[in-house]
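In what follows, a single structure is set out as structure tokens and then discussed.
No experiment lies behind these values; they were computed from the predicted model shown. Residue numbers start from 1 in every chain, and the chains themselves are labelled A, B, ... in the order their sequence lines are given, proteins ahead of strands.
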There are 2 protein chains.
Amino acid sequence: MVERVETMVRIPVEQRRRQLVAAAFTVIATRGLAATSARAVVAEAGMSLASFHYAFTSREELLEMLITEVTDGEQAAVLPQELAGKTLEELLIEGLTGYLEHLRADPLREQAMLELTQYAIRSQPELAQHQYRRYREIAAAALQLAASETGTRWQVPLGTVARLLVHVTDGLTLTWLVDRDDRAARDALAAAARALTALAAPEPPTAPEPSPQE
Amino acid sequence: MVERVETMVRIPVEQRRRQLVAAAFTVIATRGLAATSARAVVAEAGMSLASFHYAFTSREELLEMLITEVTDGEQAAVLPQELAGKTLEELLIEGLTGYLEHLRADPLREQAMLELTQYAIRSQPELAQHQYRRYREIAAAALQLAASETGTRWQVPLGTVARLLVHVTDGLTLTWLVDRDDRAARDALAAAARALTALAAPEPPTAPEPSPQE
DNA sequence: CGCGAACTGGGACGATCGTCCCAGTATGGG
DNA sequence: CCCATACTGGGACGATCGTCCCAGTTCGCG
């Protein structure tokens, strides 16, 4: 009664989980989290519905793995490449411009990240916290590099500047996704770089002499 | 066959629309946009499902009216109250602190606004643009007031600073909703105020004399 | 070579969704 | 006072959702 099925493929669970996660991210980016049903995901991955619940016990579990994997794989798209002979402000502008280009190149990706954050805030707060800790780590690394490379020093705790930088990139993302105004985004980004620069000051000489204040 | 219904109430359409919009916002805030079904809304509003489609032709129409109404009613929660004798940085700190308090007092409201923005980006881009134009208007008004009140002048076009300020508040909102870290938020906000202050300079005397540069 | 276990396809279940319909009720203009 | 109409309650429809089940297929290990 059952026909010979020629397309049946046997794939180990781990690989299938990865495939489903990737497919899910694609669906979220293109059609939104609300439309990311189990059926839509398996359709995107080209497998049957049963494989979904063989690999994951629930949709929630898939999303959990998705968020974890995506935020851990998050790279510093912000790091400027040419460091030599630039001022801090120039470095910040380049870094932020790099982020804007990253955003412009693949807006759906950042939109998906945003939707996942919002989902996580409601459904898996720890995941959202982890995601933002990672963002801040990346920001802090970039800021520290920029400062040390230009012989400057942050006047405010690095973690605080990093937090502020994440605010800026988040805002940049949200606003640009809304209006797609490249020119305005670049202006705002330049202003942000200029403003952030005010939080740094030239580093005192390498061998710190006791200041003659007492 | 039909029993006497004693609870039936006749309400004009306009009022019912307003009631439904208000109920919908409550549901979005408490349970998320994904859970904001027509049935959930009418349950919150205490009416029957038919009234929903008597007042609105579709769920989408309700959300459209909801977004429009809410963003038009958006107030400047950011305006500092005591203006006299403060520096620009102090004024900015107070304004941002005011916003943080507003956020802390009713986090679900801002979370709902964020979810509505995300929905609008995908489904009604014009509404999202309108929403963010409104945000920028409010920010620009606050910034202009702060500058004129402290005898300073923005070195960067007001619209650009306003855009940047919206970035900061958006980022503040998102991050705080994720980690609820009041202390870190206040630090970041103070840093933001300090950084933004660098974009302003003392206003030249009221009667502008020609500068002796030529 | 054979068999247990890993894996897959397809279909099914109950819940919930948006939308619609219709019989019935209250009300204001004549 | 009465009737057209503005309005409401409740139920229904088809679609889609997450989840589950089971018969059947393939593979690795003995």
Let me know the distance between [atom1] of [X] and [atom2] of [N], rounded to the nearest Å.
| X | N | atom1 | atom2 | answer |
| --- | --- | --- | --- | --- |
| B:His53 | D:dG9 | NE2 | C1' | 16 Å |
| A:Gln19 | C:dT8 | CD | C1' | 14 Å |
| B:Phe52 | C:dC21 | CZ | P | 16 Å |
| A:Arg16 | D:dT26 | CZ | P | 14 Å |
| A:Glu14 | C:dC7 | CD | C1' | 14 Å |
| A:Met47 | C:dA6 | CE | P | 19 Å |
| B:Glu61 | C:dC20 | CD | P | 12 Å |

With a 4.0 Å limit, can you tell me whether B:Ser51 has a side-chain N or O closer than that to the phosphate oxygens OP1/OP2 of D:dG9? yes
_Does C:dT8 have OP1 or OP2 under 4.0 Å away from a side-chain N or O of A:Tyr54?_
no
The residue among A:Asp72, A:Thr117, A:Thr68 that forms side-chain hydrogen bond (donor to acceptor under 3.5 Å, both in side chains) with A:Gln131 is A:Thr117
The residue, B:Thr57 or B:Ala35, whose nearest nucleotide of DNA chain C is more 5′ is B:Ala35
Inset, instruction - Tell me, yes or no, whether the heavy-atom count around B:Arg153 atom CZ, taken from other residues, nucleotides or ligands under 6.0 Å, exceeds 12. - result: no
Of the listed D:dT19, C:dC17, D:dG9, the closest approach to the B:Ser37 side chain comes from C:dC17
Should B:Glu137 and B:Arg163 count as an ion pair when the cut-off is N to O under 4.0 Å? no
By side chain to side chain donor-acceptor pair (under 3.5 Å), B:Arg18 pairs with (sequence neighbours left out) none
Under 30°, 30 to 60°, or over 60°: which ring-plane class applies to A:Tyr135 and A:Tyr132, parallel, tilted or perpendicular?
perpendicular
Atom pairs and distances, donor-acceptor, side-chain atoms in residues 33-51 of chain A, under 3.5 Å, two or more places apart:
from, atom 1, to, atom 2, distance (Å)
A:Thr36, OG1, A:Gly32, O, 2.8
A:Ser37, OG, A:Ala40, N, 3.1
A:Ser48, OG, A:Ala50, N, 3.4

Heavy-atom closest pair (B:Leu108 atom, B:Ala29 atom, distance to 0.1 Å) is CD2-O, 3.4 Å
Sub-3.5 Å pairs of nitrogen or oxygen atoms, protein against nucleotides 10-14 of chain D:
from, atom 1, to, atom 2, distance (Å)
D:dA12, N6, B:Arg39, NH2, 3.2

